[in-house]
Amino acid sequence: MSTMENTTKANDENKVEKNTHFIHQIIEEDIRTGKHEGRVHTRFPPEPNGYLHIGHAKSICLNFGTAEKYNGLCNLRFDDTNPVKEDTEYVDSIKEDIRWLGFNWDEREFYASDYFDQIFEYAIKLIQKEKAYVCDMTAEEMSNSRGTPTISGKESPFRNRSVVENLELFYAMKAGKFHDGEKTLRAKIDMESPNMHMRDPVLYRILHAEHHRTGNKWCIYPMYDFAHGQSDSIESITHSICTLEFEVHRPLYEWCIKELEIYAPRQIEFARLNLNYTVMSKRKLLELVKNNFVSGWDDPRMPTICGLRRRGYTAVAIRNFAEIVGVAKRDNVIDVALLEHCVREDLNKKAIRIMGVMNPVKVVIDNYPDGQEEYLDAVNNPEDESAGKRQIPFSKEIYIEKDDFMENPPKKYFRLSPGNEVRLRYAYFIRCTHIIKNSSGEITEIHCTYDPASKGGNSPDGRKVQSTIHWVSVKHAKTVEVRLYDRLFSKENPDENEEGKDYKDYLNPHSLEVIQAYAEPFVEVADKSLKYQFERIGYFCFDKDSIANHLVFNRTVTLRDSYKPAGK
RNA sequence: UGACCGAUGGUGUAAUUGGCAACACAACUGAUUUUGGUUCAGUAGAGUUCAGGUUCGAAACCUGAUCGGUCAACCA
């Protein structure tokens, strides 16, 4: 019976259980009713004007994941309709990040700019249908006449130009006869609409700017609202999934499709991801980079995908996180602890265990022969036998963590203290006999005796110790740089600021601590592309700054620590 | 005050679509453990924003209120 249960359990664990949320319910209903002949086709549409962050990861997982789940397709489409903000640098980084997350778009890489000719024709059609007109108002005039959410707007004096005149002017706009801002093409909808986006929105604006893909072919560019739905339509997208702020755009999205009489995809909105102790807006992230609060977009403290990657996060962890947080329409703030849980879960299975001392204090084993050294067996990963074993050098003098010794230990302190015996992992039992301090009272040496019979970590007499601590042989220790990262902000919601302050005032001054640590010699031959756990400390990865004689480790996340000093 | 959207333990997401609120994270016990890790077992914590209504029965449906979000770029 227990065998049955185990089998069932194991099978369940292997399945990455996909949550069925409201979007999938809509899709399943569409499949059931035969809409789009049961086809499912999504798209991920980033604007190439910045780096992707964990919030985009959620959207990527949703769009690509949905396509996978329903045997459909997902297009990668760059929403590049604003040349002054966009650049190929960003399209490259976006592609790298999506690929790293493990999604594939094969031949389905698109650009809204690919459709500029078609979208221009759409505009012509609207003009011919008397549903669009060229407007001469300045941005300011237009803003003034638009009204407010509670006060309806006023119609443009150019609203009733003839089709012929509109056509003529629009072609002139395209031909570069006007300066930036001089004219726009506007939809003729309803200046009294309670929805601001329906008050004759701008469809095309004049921008004498070089586009990263179309060069100088165009000097007029479609607005988001006149490009997005049409692009979806052209690509036969079935479900156009976007974030909540586009909810009020949906009537316009649908208006364009309807007036153009083209294939109609369905726009569905969901709540974007928010994480506590960080900021997510592109503007703020950019500001952090520009003002050197962080080292760059891939600073391991950044919530960017490249930052998380450099920090040591795995794609599996992020995808799993995206799955766990779910998809809904209510505003949310996810606890970073959940993200951290997801990496730990993955890294626990993958990370090679190594020994390293971050904050050393020397231990001298008085009864260990001078000059002797030996190599002890250690398992590389207790969670994965196939990871194999390695040997660690041991000698008379070792470093242990300062935290692992207390001269006057509180009640439940199990580690080394005067008279107490502990196990050195994979080595011996040692007992503290005395300590040596310097003139200022700091402990400089801890003296111990070891039990030669306890080699490997077990005493033949069966006696137990309450604690096992890690160590590094002084003689064999390799000095490495370790970057201890912590959350970027010390406030849960840096955006919610008190008077006269802004999010930057809540930057955590201790978000990065760089230390020199001692590690076992194995680090010098370790595969730099793998993940590691410094035993009892946390998960780490090699930073790209590592060079032959200067290894650099980034702390991805600490291990969970259930030790609570008495009184706390 | 206009339109649209939302409201379920500390956090996030569920609830066979009207049948006595579940899962995960976080917290806390205990067991196991050569990582105070892992694993395992368990505890606590919401009666579903509020008020009415429909119903044998409401987290779900209706009405109203309250609170929160989004929208007034020639950004996306």
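The sequence lines fix the lettering, A, B, ..., with proteins before strands; numbering per chain opens at 1. The figures here come from the full heavy-atom set of this structure, side chains too, leaving out hydrogens, waters and symmetry mates.
- Spacing between B/rU1 and B/rG18 at atom P, rounded to whole Å, works out to 32 Å.
- On the P atoms, B/rU32 is 15 Å away from B/rA41, given to the nearest whole Å.
- Base contact: A/Thr138 has a heavy atom under 4.0 Å from a base atom.
- Using bins of under 30°, 30° to 60° and over 60° for the plane-to-plane angle, the ring pair A/Tyr111/A/Phe78 lands in the parallel bin.
- Taking atom C1' in both B/rA51 and B/rA7, the straight-line distance is 16 Å, to the nearest Å.
- A/Gln533 comes within 4.0 angstrom of a nucleotide base, judged by non-hydrogen atoms across all strands.
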Please list, pair by pair, any protein nitrogen or oxygen found under 3.5 Å from a nitrogen or oxygen in nucleotides 4-6 of chain B.
unit_1 : atom_1 : unit_2   : atom_2 : d
B/rC5  : O2'    : A/Glu247 : OE2    : 3.4

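- No engagement by A/Pro45 is indicated, since no non-hydrogen atom pair under 4.0 Å with the nucleic acid exists.
- Between B/rA76 and B/rU39, the two C1' atoms lie 47 Å apart (nearest whole Å).
- One finds no side-chain N or O of A/Thr468 lying less than 4.0 angstrom from the OP1 or OP2 phosphate oxygen of B/rU33.
- Comment: A/Glu421 engages A/Arg463 in a salt bridge, judged by a side-chain N to carboxylate O separation of less than 4.0 angstrom.
- Within 4.0 Å of A/Ala139, counting heavy atoms only, lies at least one base atom of the nucleic acid.
- At least one test fails for A/Arg77 against the ring of A/Tyr115: distance under 6.0 Å to the centre or angle within 45° of the axis.
- Nucleotides B/rA21 and B/rU8, compared at atom C1', are 8 Å apart to the nearest Å.
- Salt bridge A/Glu47/A/Lys85: absent, no basic N to carboxylate O contact under 4.0 Å.
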Listed pairs, N/O of protein and of nucleotides 26-31 of chain B, under 3.5 Å:
unit_1 : atom_1 : unit_2   : atom_2 : d
B/rC28 : OP1    : A/Lys564 : NZ     : 3.4

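- Among the candidates A/Phe170, A/Tyr221, A/Tyr122, the single residue satisfying the ring pair (Phe, Tyr, Trp, His ring centres under 6.0 Å) test with A/Tyr204 is A/Phe170.
- Each of B/rG37, B/rA76, B/rG12 was ranked by its minimum atom distance to the side chain of A/Val325; first place goes to B/rG12.
- Residue A/Ser562 places at least one side-chain N or O under 4.0 Å from the OP1 or OP2 atom of B/rG37.
- No contact: A/Tyr221 has no heavy atom under 4.0 Å from any strand.
- Residue A/Arg423 places no side-chain N or O under 4.0 Å from the OP1 or OP2 atom of B/rU35.
- Electrostatic pairing of A/Glu323 and A/Arg319 does not count as a salt bridge here, judged by no charged N lying under 4.0 Å from a carboxylate O.
- Nucleotides B/rU48 and B/rC20 have their P atoms positioned 15 Å apart, rounded to a whole Å.
- Counting any heavy atom pair closer than 4.0 Å across all strands shown, A/Arg186 reaches no nucleic acid atom.
- Remark: A/Arg146 is not in phosphate contact with B/rC71, judged by side-chain N or O atoms under 4.0 Å from OP1 or OP2.
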Inset, instruction - With side chain to side chain donor-acceptor pair (under 3.5 Å) as the test, would you mind laying out the steps for A/Ser193 and A/Asn195 before giving the verdict? - result: CA-CA 5 Å; A/Ser193 170; A/Asn195 183 337; 5.4 Å; no
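- Each of A/Val279, A/Asp495, A/Asn276 was evaluated against A/Phe489; a single residue qualifies, A/Val279, per the side-chain contact (heavy atoms from CB on, under 4.5 Å) test.
- For A/His249 against B/rA76, a side-chain N or O and a base N or O form a donor-acceptor pair under 3.5 Å.
- As rounded to the nearest Å, B/rA26 and B/rU13 have C1' atoms that lie 15 Å from one another.
- Heavy atoms of A/Asn458 sit under 4.0 angstrom from at least one base atom.
- Salt-bridge formation is not detected for the pair A/Arg536/A/Glu401: no Lys NZ or Arg NE/NH1/NH2 atom is positioned less than 4.0 Å from an Asp or Glu carboxylate oxygen.
- Residues forming a salt bridge (charged side-chain N to carboxylate O under 4.0 Å, His left out) with A/Asp80 (at least two apart in sequence, or on another chain): none.
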